[in-house]
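The structure under discussion appears below in the form of structure tokens.
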Amino acid sequence: MAAGAGDELKLLGVWDSPYVNRVQIALNLKGLSYEYVEEDLMNKSELLLSSNPVHRKVPVLIHNGKPIAESQLIVQYLDEAFAGTGASVLPADPHERAVARFWAAYVDDQVGSPWYTILFAREKEEKVEAAARAVSALETLEGALRDLSEAKTSAALFFGGDGIGFVDVVLGSYLGWFRVIEKMIGVRILDAARTPRLAAWAERFEAADAVRGVLPDDVDKVIDFLQTFLH
């Protein structure tokens with residue numbers, strides 16, 4: 001489904017960024033057509049710099065010429081701006097919506113921050129310690145998913161219930177990188193023995209129509225890209 005009449009959507013991104021990937025998934029969930037522009041982070045475009053002059057980074061969504069930056073804000077914006085289109089990403093109930101925002105913020109703080117450290121820290125020990133923090137966060141999220149299932153009459157397939165929601169989009173955007181991290185430093189972030197509900201959730205998430213083809217699945221290609229970027 002295309003955006004509404006007169007709506008023009010352009011996404012500035014980098015193919016293996018989890019933050020860009022989550023916006024792509026949200027666009028797919030809403031059934032919105034958009035133009036994707038791959039950015040060169042070593043030579044950022046004037047469009048990117050002018051659209052996000054504060055942070056100067058991707059993703060940026062440009063809707064009818066107006067830029068929106070920061071991935072979580074973009075996902076929420078899409079859900080509000082196209083409320084009558086496609087699936088709802090955030091719950092309608094105000095309390096459930098606040099809870100979803102809490103867990104989404106938790107994911108980026110407790111999983112995203114260690115992910116960044118693993119990429120850019122020089123010492124392997126620091127990388128491994130960061131991975132341990134991410135593992136601990138996933139154990140907490142395992143409990144949150146369990147509690148959600150117990151609160152419902154049937155097991156919750158996703159954090160959004162029967163369908164993919166805000167927390168799923170935010171957490172799911174890291175799944176491709178979990179495999180990269182395992183190859184980089186030998187630490188398995190998502191382990192079925194440790195977090196079985198999350199492992200099953202991850203399989204369902206990656207198999208969803210809105211997700212297929214979005215997350216990076218070539219580990220060596222991602223590592224090559226990262227090494228080029230870092231050097």
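When all heavy atoms of Asp16 and Trp177 are compared, the pair lying nearest together is O-NE1, 2.6 Å. In this structure, Ala208 and Ile164 approach most closely via the heavy-atom pair CB-CD1, 3.6 Å. Pairing each heavy atom of Leu48 with each of Lys57, the nearest pair is CD1-O, 3.6 Å. Taking both residues in full, the closest heavy atoms of Ala104 and Val167 are given as N-CG2, 4.2 Å, listed atom of the first, atom of the second, then distance. Listed here is the closest heavy atom pair of Pro114 and Asp109: CD-O, 3.8 Å. The nearest pair of heavy atoms linking Pro59 to Ile74 is O-CD1, 3.8 Å.
Proximity of a side-chain donor or acceptor of Glu182 to a complementary backbone N or O of Arg188 within less than 3.5 Å is not detected. At least one donor-acceptor pair under 3.5 Å links the side chain of Ser149 to the backbone N or O of Ala156. Under the 3.5 Å distance criterion, the side-chain polar atoms of Asp168 are left unmatched by any main-chain donor or acceptor of Phe205. No donor-acceptor pair under 3.5 Å is formed between the side chain of Asn21 and the backbone N or O of Leu215. In this structure a side-chain-to-backbone donor-acceptor pair under 3.5 Å is present from Thr228 to Asp224. Side-chain atoms of Ser113 never come within 3.5 Å of backbone atoms of Gln110 as a donor-acceptor pair (strictly under, hydrogens ignored). Judged purely by atom type and a 3.5 angstrom limit, Lys44 uses its side chain to pair as donor or acceptor with the backbone of Arg56. Put simply, the side chain of Arg194 gets close to the backbone of Ile189: a donor and an acceptor are under 3.5 Å apart.
Two residues are said to be in side-chain contact when any heavy atoms from C-beta on lie closer than 4.5 Å; Leu11 and Leu27 meet this criterion. A heavy-atom distance below 4.5 Å is not found between the side chains of Asn64 and Lys66. Glu142 places none of its side-chain heavy atoms less than 4.5 Å from the side chain of Leu138. Counting heavy atoms from C-beta on, the side chains of Val222 and Arg179 never come closer than 4.5 Å. The shortest distance between side-chain heavy atoms of Leu175 and Phe178 falls below 4.5 Å.
We find the CZ-CG distance between Arg101 and Leu90 to be 5.5 Å, quoted to the nearest 0.5 Å. Taken from CG in Leu171 to CG in Leu141, the straight-line distance is 6.0 Å, to the nearest 0.5 Å. Taken from CG in Leu29 to OG1 in Thr85, the straight-line distance is 12.5 Å, to the nearest 0.5 Å. Atoms CG and CD1, from Leu190 and Ile181 in turn, are 11.0 Å apart once rounded to the nearest 0.5 Å. In this structure, the separation between CD on Glu150 and CG on Leu145 is 10.5 Å, given to the nearest 0.5 Å.
In this structure, Phe82 and His63 have tilted ring planes: the angle between them lies in the 30° to 60° band.
Taking hydrophobic clusters as Ile, Leu, Val, Met, Phe, Trp and Tyr residues chained together by side-chain heavy-atom distances below 4.5 Å, Tyr77 does not share a cluster with Val54. Clustering ILVMFWY residues whenever any of their side-chain heavy atoms sit less than 4.5 angstrom apart, transitively, puts Phe120 in the very cluster that holds Val58. There is a path of hydrophobic side-chain contacts, each under 4.5 Å, that joins Leu226 to Leu41. With hydrophobic clusters built from ILVMFWY side chains whose heavy atoms lie under 4.5 angstrom apart, Val107 shares a cluster with Tyr116. Residues Leu73 and Val75 do not share a hydrophobic cluster, defined by chaining ILVMFWY side chains whose heavy atoms lie under 4.5 Å apart.
Among Glu8, Glu35, Lys10, the one residue that satisfies the side chain to side chain contact (heavy atoms under 4.5 Å, CB included) test with Ile62 is Lys10. If you run side chain to side chain contact (heavy atoms under 4.5 Å, CB included) between Phe159 and each of Trp201, Phe166, Trp103, only Trp201 comes through.
In this structure Asp108 satisfies the side chain to side chain donor-acceptor pair (under 3.5 Å) test together with Arg22, Gln72, Tyr174, sequence neighbours excluded. Applying the ring pair (Phe, Tyr, Trp, His ring centres under 6.0 Å) criterion to Phe225, with sequence neighbours excluded, gives Trp15. Residues that satisfy the salt bridge (charged side-chain N to carboxylate O under 4.0 Å, His left out) test with Glu46, not counting sequence neighbours, are absent from this structure. Partners of Tyr36 by side chain to side chain donor-acceptor pair (under 3.5 Å), not counting sequence neighbours, listed by chain and number: Glu38. Shown here are the side chain to side chain donor-acceptor pair (under 3.5 Å) partners of Asp209, two or more places apart in sequence or in another chain: Arg212. Annotation: side chain to side chain donor-acceptor pair (under 3.5 Å) contacts of Glu139 (sequence neighbours excluded): none.
Under a 4.0 Å N-O distance rule, the pair Arg97/Glu80 does not qualify as a salt bridge. A salt bridge links Lys183 to Asp220: one of the charged nitrogens lies within less than 4.0 Å of a carboxylate oxygen.
At a cut-off of 3.5 Å, with distance as the only test, no side-chain donor of Asp79 or Gln76 sits close to an acceptor on the other residue.
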